[in-house]
Structures are given as structure tokens and as C-alpha cells.
Amino acid sequence: MNYWLVKSEPDECGIDDFVASGDKPIRWDGIRNYQARNFLRAMKPGDQVLLYHSSCKQIGVAGVLEVVTEPYVDPLQFEPGSDYYDAKASTDKPKWSAVDMRLVGKAGQVLPLATLKQLSALQTCVLLTRPRLSVMPLTEDEWQAIIKPLGHLQLFSEAKG
DNA sequence: GCCAACGTTGGC
DNA sequence: GCCAACGTTGGC
């Protein structure tokens with residue numbers, strides 16, 4: 001099993017969207033960066049994923065997701081109306097991939113970026129060393145270092161409240 | 001293949 | 001709104 005971190009603006013797709021979706025997975029699509037895509041393509045069902053909220057009031061880790069499908073062709077690349085349409089992609093030669101994820105749990109509080117920056121285990125973490133990458137792997141040590149201070153996770157049934 | 005110009009991400 | 005850090009594009 002692998003560990004990952006994905007970034008999203010909560011206005012686009014945040015932890016509360018996963019809470020609202022409950023058991024039903026949400027498609028993680030619209031990745032249009034090759035490095036991020038290549039990491040996404042390495043995802044397997046059962047992999048654990050931290051959801052990071054970016055460009056918002058409370059920047060930081062908001063909860064835990066789980067990969068539920070193998071990576072598959074992102075359909076948005078073929079939809080001319082979509083923000084994620086790619087004229088150079090064809091059904092013969094698709095360029096971009098997506099996976100489905102579902103909520104594992106929502107953090108009681110967002111674990112802020114400022115706190116992450118202080119964790120010694122994260123000093124070499126891709127999150128802090130490589131800006132602008134929206135899908136990245138985490139080592140088990142990095143995962144543990146974030147999960148601990150993240151505290152109790154509300155399961156989707158709880159989080160719905 | 002090089003590199004300048006431009007666009008995007010994302011924290012502050 | 002600003003700007004640093006990148007990635008992409010396109011001329012040559």
C-alpha cells in the first residue's frame with residue numbers, strides 16, 4: 001500500500017464534498033501536469049491519501065481519502081466545454097488520467113501548513129520542497145508524522161453529523 | 001536544442 | 001494584489 005498527498009482548492013473539491021458524498025467515491029480528475037499525472041498513475045486501490053486544502057482561509061491537511069479504482073482515462077480531456085479539455089488528446093492517445101477516491105475521515109481541525117513546516121520528519125517532504133506539485137507520494141514516516149497531529153478522524157457517517 | 005516569453009500555482 | 005517558482009510554448 002502506498003501513501004499520497006493531493007492538493008485541491010476546497011471551493012473546487014474539498015473535504016466537505018467527500019463528506020457529502022458519503023460512501024460514494026468522487027472522481028479525482030483535471031490533473032494537467034505530467035509529474036502529478038505520473039504519480040496519479042502509480043496509485044492503487046486501497047492506497048491512503050491525505051487531502052490538502054490550498055489557496056484558502058485554512059491552508060493545510062483536511063482529512064484522509066482512499067483510492068478505490070485503478071487509474072483510468074480522464075474523460076474531461078475530451079469535453080470541449082470543460083476547463084480541462086485538451087485539444088491534443090484523442091481517444092486513441094489519451095493524455096490524462098483520473099482515479100476515484102472516497103472519504104476515510106475528516107480531520108476535526110485542518111492541520112495548518114505552518115505546523116507541517118515545523119515537523120522535523122517533513123523537512124525533506126516533497127510538499128515542502130517542491131512547490132506547485134498537486135499529487136505527490138509520501139513516505140511512511142512522513143505519513144505517520146502528519147497523521148499523528150491530525151488527531152481523531154470523523155468517519156463519513158459521523159462527519160455528516 | 002536553446003531560451004525568452006508567458007501562464008499557472010499557491011503562499012503571503 | 002504581489003511575487004517566487006516552475007512548467008509550457010514557440011521562434012529560431
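Numbers restart at 1 for each chain; the letters A, B, ... are given by sequence-line order, proteins then strands.
Contacts between residues 52-59 of chain A and DNA chain B, defined by a heavy-atom separation below 4.0 Å, involve A:Tyr52, A:Ser54, A:Ser55, A:Ile59, listed by number.
The side chain to side chain contact (heavy atoms under 4.5 Å, CB included) check on A:Ser8 picks up A:Glu12, A:Cys13, A:Trp28, A:Leu51, with sequence neighbours excluded.
The residues A:Lys57 and A:Asp11 are annotated as not salt-bridged, no charged nitrogen and carboxylate oxygen being separated by less than 4.0 angstrom. A salt bridge links A:Asp29 to A:Arg27: one of the charged nitrogens lies within less than 4.0 Å of a carboxylate oxygen. Salt-bridge check for A:Lys106 with A:Asp16: passed, with a basic side-chain N closer than 4.0 Å to an acidic carboxylate O.
Interatomic distance, A:Ile31 CD1 to A:Leu76 CG, rounded to the nearest 0.5 Å: 11.0 Å.
Bounding nucleotides for the chain A contact on DNA chain B, 5' to 3', at a heavy-atom distance below 4.0 Å, are B:dG7 to B:dC12.
In this structure, A:Tyr52 and A:Leu113 have side chains that are in contact, with non-hydrogen atoms separated by less than 4.5 Å.
With no hydrogens or angles considered, a side-chain donor-acceptor pair links A:Arg41 and A:Ser97 at under 3.5 Å.
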